[in-house]
Amino acid sequence: MGGDGEFFSVGECEGQKTIDGEQVPLVLTPASSGERGGEALAAALRASREWVEEKVAANSAVLLRGFGVRDAAEFDAVVDALGWPDIRYVGPAPRTHVHGRVWTANEGPLDEFIYYHHEMVLIKEFPGKVILFCEVAPPEGGETPFVPSFRVTERVVEEFPEMVEELDEKGLRYTFTALSKNDTKSMRGRGWEDAFATTDKAEAEKRARALGMEVEWLPDGGARTILGPRKLTRVFPGRRGRRMWFNTVVGMHGKALSSATAADGSEIPAAFVARCGEIIEEESIQFRWEGGDVLILDNLATLHGRRPSLPPRRVLVATCK
């Protein structure tokens, strides 16, 4: 094991919480004798792969700070060193490929809040890890708050035990409306042609079915995707039997472009959705980005979002199995 002593020291950051005895996020900084730079960090991670993976599962989030990762190429080397296979992003957010396995994070307007979500929660194959790199730290705002998902389930079950069991039993049905072309003025402005990587409707339908969704074509050339039934909560191996809030009900319920109902079509009470939203916010954790930060999120255990930000802000992302 490369372990923490040889390459890493344990640090701390503002906003950190202790949950079930673990620091969230776990902050790793260079050991006193350690080299700085993306290449040095990549070498350290390669040598400590299993140890780092254990920490991501145990702490749900690991912040690598002070290593001086400079750009997308160095970040790509860091991602590669962790050894987790790549998974292609599928979803509504407009994104641009940058380098290797690295993409821009959501390119929607910086003055808008991107709501908490497990990455690609609605798709059959979703990432196990989401890795974020802060290339340019914003002057104000722009944090990436994240939420230990099991804490949301625990609290919602305490307040609404019957509703949780009913929705888990029935399942959830989501709809989402996409334009044909990308609209970068919207946080959910990715067009269906880009999302399915085709302009052919028959091919798009085939690709949609492979991802577990149906498509309805709209008169304006857009598409409505229908997904379900999906679970409200899920339990994943190696996560202490924790029941994760693995859904996007709060983010999609009653919105202009999306909906969330029970799978049988019955409505989910708005008061229930609003209270779930309050609980998610209360459980959130955030720190101020510093240039060079790399944040590894366990996507099975955390929801994440983006606070409104003043420009400039450049955060890049890689999604891994």
Side-chain angles (χ1 to χ4, degrees), residues 36-46 52 56 61-112 114 117-120 123 125-139 141-144 146 178 181-198 288-297 299 302 304-321:
R36 304 294 193 272
E39 282 181 26
L41 175 58
L45 291 170
R46 206 172 280 114
V52 172
V56 174
V62 173
L63 174 61
L64 301 163
R65 172 165 278 180
F67 291 93
V69 180
R70 281 179 308 206
D71 55 27
E74 288 195 358
F75 175 50
D76 189 55
V78 166
V79 172
D80 189 58
L82 288 161
W84 300 318
D86 192 37
I87 190 166
R88 183 177 183 270
Y89 172 73
V90 178
R95 292 182 170 181
T96 304
H97 180 247
V98 181
H99 183 99
R101 294 170 57 176
V102 178
W103 293 70
T104 57
N106 191 321
E107 292 176 9
L110 282 178
D111 59 357
E112 293 183 41
I114 295 174
H117 57 285
H118 287 273
E119 199 66 39
M120 290 162 56
I123 309 298
E125 192 184 18
F126 41 80
K129 319 283 191 307
V130 173
I131 311 174
L132 297 152
F133 162 57
C134 180
E135 189 173 27
V136 179
E143 298 90 351
T144 298
F146 61 94
K181 307 288 184 199
N182 288 351
D183 172 14
T184 53
K185 296 185 191 70
S186 166
M187 294 183 301
R188 289 180 166 176
R190 192 180 190 200
W192 65 262
E193 294 178 8
D194 182 25
F196 296 125
T198 181
R288 298 242 347 117
W289 279 116
E290 294 179 8
D293 280 351
V294 174
L295 176 65
I296 307 171
L297 292 174
N299 189 49
T302 57
H304 68 278
R306 187 196 73 192
R307 298 274 183 223
S309 173
L310 288 181
R313 177 191 190 270
R314 186 166 164 88
V315 174
L316 305 178
V317 66
T319 45
C320 310
K321 288 184 182 172

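- What you find for Pro109 and Arg306 is that their closest heavy atoms are O-NH2, 2.5 Å.
- Within the 4.5 Å cutoff, the side chain of Pro139 has no heavy atoms near those of the Pro311 side chain.
- Salt-bridge formation is detected for the pair Glu143/Arg288: a Lys NZ or Arg NE/NH1/NH2 atom is positioned less than 4.0 Å from an Asp or Glu carboxylate oxygen.
- Contact check for Val136 versus Arg313: no side-chain heavy atoms found under the 4.5 Å cut-off.
- One N or O on the side chain of Asn299 and one on the backbone of Pro127 form a donor-acceptor pair closer than 3.5 Å.
- Put simply, OH on Tyr89 and CE on Met120 are 8.0 Å apart, with the number rounded to the nearest 0.5 Å.
- Between the side chain of Asn182 and the backbone N or O of Gly191, at least one donor-acceptor pair lies under 3.5 Å.
- Checked by atom type and distance alone, the side chain of Thr104 pairs as donor or acceptor with a backbone atom of Thr96 at under 3.5 Å.
- Smallest separation of non-hydrogen atoms from Ala81 and Ala42: CB-O, 3.2 Å.
- Here Arg36 contributes atom CZ and Phe67 contributes atom CZ; the two are 7.5 Å apart, rounded to the nearest 0.5 Å.
- In terms of modelled atom types and a separation under 3.5 Å, the side chain of His117 and the main chain of Gly305 share no donor-acceptor contact.
- Counting non-hydrogen atoms of neighbouring residues, nucleotides and ligands closer than 6.0 angstrom, the CZ atom of Arg70 reaches no more than 12 such neighbours.
- Glu39 has its side chain out of reach of Glu74: every pair of non-hydrogen atoms, C-beta onward, lies at least 4.5 Å apart.
- Counting only heavy atoms from C-beta outward, the side chains of Leu82 and Ile296 approach each other to under 4.5 Å.
- Side-chain contact between His118 and Phe126: absent, with no pair of heavy atoms (C-beta onward) separated by less than 4.5 Å.
- A 4.5 Å side-chain heavy-atom check between Phe75 and Leu132 finds every atom pair outside the cut-off.
- Rounding to the nearest 0.5 angstrom, the gap separating the CG atom in Asp183 from the CG atom in Asp194 is 12.5 Å.
- Residue Ser309 comes nearest to Gly142 through the heavy atom pair CB-CA, 3.3 Å, listed as atom of the first residue, atom of the second, then distance.
- A side-chain N or O of Thr144 and one of Trp289 form a donor-acceptor pair less than 3.5 Å apart.
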In a table with atom names and distances, give each donor-acceptor pair under 3.5 Å that connects a side chain of residues 314-321 to protein atoms at least two apart or in another chain.
residue, atom, partner, partner atom, Å
Arg314, NE, Glu135, OE1, 2.6
Thr319, OG1, Ile87, O, 2.8

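- Arg101 and Asp76 are not joined by a salt bridge, as no carboxylate oxygen comes within less than 4.0 angstrom of a charged side-chain nitrogen.
- Distance CG/Leu295 to CG/Leu63: 6.0 Å, rounded to 0.5 Å.
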Check: For Val62 and Leu297, what are the C-alpha separation, side-chain angles and deciding distance, and is it a side-chain contact (heavy atoms from CB on, under 4.5 Å)?
Finding: CA-CA 7 Å; Val62 173; Leu297 292 174; over 6 Å; no

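- Between Val69 and Leu41, some side-chain heavy-atom pair lies under the 4.5 Å cut-off.
- In this structure, Phe133 and Asp293 have side chains that are not in contact, with every pair of non-hydrogen atoms separated by 4.5 Å or more.
- Nearest heavy-atom pair across Ala72 and Val98 is CB-CG1, 3.5 Å.
- To the nearest 0.5 Å, the span separating CZ on Arg190 from CD on Glu107 amounts to 10.5 Å.
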